[in-house]
Amino acid sequence: MSSSKTLIRTLIKNPTRIKSKSQAKQLHAQFIRTQSLSHTSASIIISIYTNLKLLHEALLLFKTLESPPVLAWKSVIRCFTDQSLFFRALASFVEMRASGRCPDHNVFPSVLKSCTMMTDLRFGESVHGCIVRLGMDCDLYTGNALMNMYAKLLGMSSKISVGKVFDEMPQRTSCDDLKDETCIMPLGMDSVRKVFEVLPRKDVVSYNTIIAGYAQSGMYEDGLRMVREMGTTDLKPDAFTLSTVLPIFSEYVDVIKGKEIHGYAIRKGIDSDVYFGSSLVDMYAKSARIEDSERVFSRLSRRDSISWNSLVAGYVQNGRYNEALRLFRQMVMKKVRPGPVAFSSVIPACAHLATLHLGKQLHGYVLRGGFGSNIFISSALVDMYSKCGNINAARKIFDRMNVHDEVSWTAIIMGYALHGYGHEAVSLFEEMKQQGVKPNHVAFVAVLTACSHVGLVDEAWGYFNSMTKVYGLNHELEHYAAVADLLGRAGKLEEAYEFISKMRVESTGSVWSTLLSSCSVHKNLELAEKVAEKVFAIDSENMGAYVLMCNMYASNGRWKEMAKLRLRMRKKGLRKKPACSWIEVKNKTHGFVSGDRSHPSMDRINEFLDGVMEQMEKEGYVADTSGVLHDVDDEHKRELLFGHSERLAVAFGIINTEPGTTIRVTKNIRICKDCHVAIKYISKITEREIIVRDNSRFHHFNRGNCSCGDYW
DNA sequence: GTAGGGTTAG
């Protein structure tokens with residue numbers, strides 16, 4: 001190497017010439033040996049150390065400088081930012097200003113990034129003031145960083161910490177120009193737009209930043225407008241642009257536009273990008289094209305935890321719960337660590353499948369991973385425990401949460417509603433409002449469902465009307481359905497019929513079939529026939545309606561009508577979905593199909609049922625065969641009843657668990673009336689708490705009673 | 001200096 005002065009001159013021009021860590025250390029040693037380590041040369045070495053990520057060495061050398069020049073300051077600030085030590089980066093910036101050094105345009109991108117990461121908008125605004133005063137608001141990199149900061153911080157206004165950095169700064173009085181600077185900025189994306197317009201030259205990053213800002217604040221049309229504007233310049237969309245734009249089409253469920261982007265990405269060779277790949281998997285899944293998601297996922301050259309989770313979440317969104325769990329397991333086996341988002345995606349799969357043991361396992365993972373206080377996960381857990389039949393565990397998690405939002409409130413309210421504790425649900429709804437949390441559409445579905453399950457007609461009307469009058473929410477199909485259900489259950493069948501006929505949204509087969517089942521409960525065959533025609537007019541293949549009508553004809557002895565209806569079913573190729581129930585015993589799920597005697601424990605089950613039957617009859621049980629739709633004699637009907645899947649599952653549970661263990665059974669269709677009576681007796685005779693989840697709610701059987709109060 | 005996946009209902 002030539003003389004130190006020449007070396008310095010060469011390095012100032014191109015400090016990246018030093019490529020290895022040992023080279024940098026050698027250079028440093030050489031300067032010390034020749035006693036030529038001036039302020040300038042030290043700064044250059046600091047900057048070289050920073051480039052090579054030698055944080056410790058850079059800081060040590062920095063500390064030896066009495067009055068560090070700008071180059072040294074900016075290296076150190078960048079160093080801290082790169083190492084995610086954002087507070088220290090900002091503290092250094094304040095110290096630098098206090099020492100009278102004037103920052104150059106290389107300093108601000110790091111400083112602004114630190115403000116963004118510290119979520120301190122006030123500090124960021126004062127830095128912006130500083131930038132304007134130094135005339136650096138036209139600098140491309142600085143402007144891009146400013147846009148990013150405003151987009152992130154103004155978009156999350158409820159979560160930002162105002163002036164946190166200043167308050168913690170020990171020497172804050174020595175930096176007056178920062179402290180007093182307050183920019184009065186317009187809110188939200190307007191600030192970003194303003195910065196964007198000031199920039200004399202824009203690059204791809206400028207466009208990407210503003211597009212992402214619009215996309216993340218839900219201003220999709222403005223985002224897409226910027227993409228078009230970008231097209232009129234000679235700047236071309238890159239991987240960043242595309243992975244920002246695709247989620248807009250997921251939101252719009254516009255698979256045509258999404259596919260166009262996919263095609264463009266293939267032509268540009270961007271389709272293998274991990275970020276873009278995850279957006280693509282998500283876009284196809286949200287457009288109900290899960291096979292396309294699978295195809296994209298299988299072709300990804302590299303997969304990180306987000307790309308895995310995009311497909312897991314996609315499966316859940318499309319109701320493919322077992323596949324979601326399978327993929328999640330596969331991901332863990334491949335040593336890809338699931339983050340908090342992965343848990344909040346996969347836990348709902350357990351909720352839908354009612355697999356308590358898997359849900360509990362995931363809960364364990366969550367706690368070990370330190371995600372116990374994540375509000376998304378906690379809400380999902382509340383829902384999972386309640387759907388798996390354990391409302392007490394759900395309540396415990398709810399009570400331990402630090403903050404409750406409308407989603408967590410709704411989860412617990414819906415939980416109580418489904419378990420038949422309608423009054424508790426209604427009072428929680430009131431508590432939510434009291435605490436200033438505004439109920440949304442789903443919260444109203446929950447509270448109306450609660451009213452419906454316990455027959456709170458007046459309260460339900462109050463809530464239904466308050467939606468539009470107090471909260472400015474539209475009535476959606478689900479709200480109409482809940483009220484119609486409520487009227488029907490309460491026996492106000494004609495009123496319910498009128499209500500559905502006058503709904504302001506298009507009715508569906510399911511709304512009418514809810515009323516149909518009320519007609520069946522209240523034995524109103526005449527109205528049922530009218531309602532059934534409504535159902536078939538909308539949905540001619542509605543199995544539930546066929547079965548209900550067949551049942552009603554059967555219980556009225558109208559075998560001819562029943563046969564006609566069955567013929568109609570057969571012509572359409574419809575087959576009755578077999579009733580099945582399942583139960584978890586020792587972490588294994590056992591399924592039972594009505595009338596199927598193939599389970600290996602069948603002999604023991606029958607032996608148990610025969611024994612318990614004797615006692616039941618002593619206590620006054622009489623088989624209610626009215627629900628059996630077969631045209632056979634009563635003795636045969638009784639036998640058919642005893643083969644019902646829920647009864648088999650309950651019996652299996654009792655003979656395979658310790659005395660006193662709670663029995664949890666899940667059934668795919670509504671629990672049968674006679675089984676409901678029988679299980680009440682069984683709970684009393686065996687002294688067991690038995691919880692049956694059917695397709696609409698939970699029944700807690702205890703000491704001969706059921707939580708539904710026989711109102712379901 | 002820029003990007004992707006999440007909770008409640010149906």
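Side chain of F376(A), nearest nucleotide from dG10(B), dG4(B), dT7(B): dT7(B). When distances are taken from the side chain of D273(A) to each of dG10(B), dA3(B), dG4(B), the shortest belongs to dA3(B). When each of dG6(B), dT7(B), dG4(B) is scored by its nearest atom to the side-chain atoms of K286(A), the top-ranked nucleotide is dG6(B). For Q317(A), taking side-chain heavy atoms from C-beta onward, the closest of the listed nucleotides dA3(B), dG4(B), dG6(B) is dG6(B).
Using a 4.0 Å heavy-atom distance criterion, V312(A) is classed as making no nucleic acid contact. Among the atoms of the strands shown, none is found under 4.0 Å from any heavy atom of A481(A). Residue contacts shown for S344(A) include a base, since a base heavy atom lies under 4.0 Å away. Across all strands, P348(A) comes closer than 4.0 Å only to sugar-phosphate atoms, never to a base (heavy-atom distances).
For the segment residues 406-418 of chain A, residues with any heavy atom less than 4.0 angstrom from an atom of DNA chain B are, sorted by number, V407(A), T410(A), M414(A). Sorted by residue number, the members of residues 440-452 of chain A with any non-hydrogen atom under 4.0 Å from DNA chain B read V442(A), V445(A). Non-hydrogen atoms lying under 4.0 Å from DNA chain B are contributed by K387(A), all within residues 385-404 of chain A.
Note on N148(A): a side-chain N or O is less than 4.0 Å away from OP1 or OP2 of dT2(B). Taking side-chain N and O atoms only, K202(A) has no distance below 4.0 Å to OP1 or OP2 of dT2(B).
With F398(A) as the aromatic partner, R395(A) does not meet the cation-pi criteria of under 6.0 angstrom to the ring centre and within 45 degrees of the ring axis.
Side-chain contact between H404(A) and E431(A) is absent, with no heavy-atom pair separated by less than 4.5 Å.
The environment of R326(A) atom CZ is dense: over 12 non-hydrogen atoms of other residues, nucleotides or ligands sit within 6.0 angstrom. With a 6.0 Å radius and a threshold of 12 heavy atoms from other residues, nucleotides or ligands, K433(A) has its NZ atom above the threshold.
Taking W512(A) as the reference, S507(A) meet the side chain to side chain donor-acceptor pair (under 3.5 Å) condition, with sequence neighbours excluded. With sequence neighbours left out, the side-chain contact (heavy atoms from CB on, under 4.5 Å) criterion links A545(A) to L516(A), V535(A), F536(A), N542(A).
Under 3.5 Å, the side chain of S279(A) and the base of dG4(B) form no donor-acceptor pair of N or O atoms. Looking at T244(A), its side chain has no donor and acceptor atom pair within 3.5 Å of the base of dA3(B).
The side chain to side chain donor-acceptor pair (under 3.5 Å) contacts involving residues 234-247 of chain A comprise N208(A)-D238(A), N208(A)-T241(A), D238(A)-T241(A), where partners must be two or more places apart or lie in separate chains.
Protein atom CD1 of I248(A) is 11 Å distant from nucleotide atom P of dG5(B), rounded to whole Å.
Using a 4.0 Å cut-off between a side-chain N of Lys or Arg and a carboxylate O of Asp or Glu, R295(A) and D292(A) qualify as a salt bridge.
A distance-only check finds no donor-acceptor pair linking the side chain of S92(A) to the backbone of I77(A) [under 3.5 Å].
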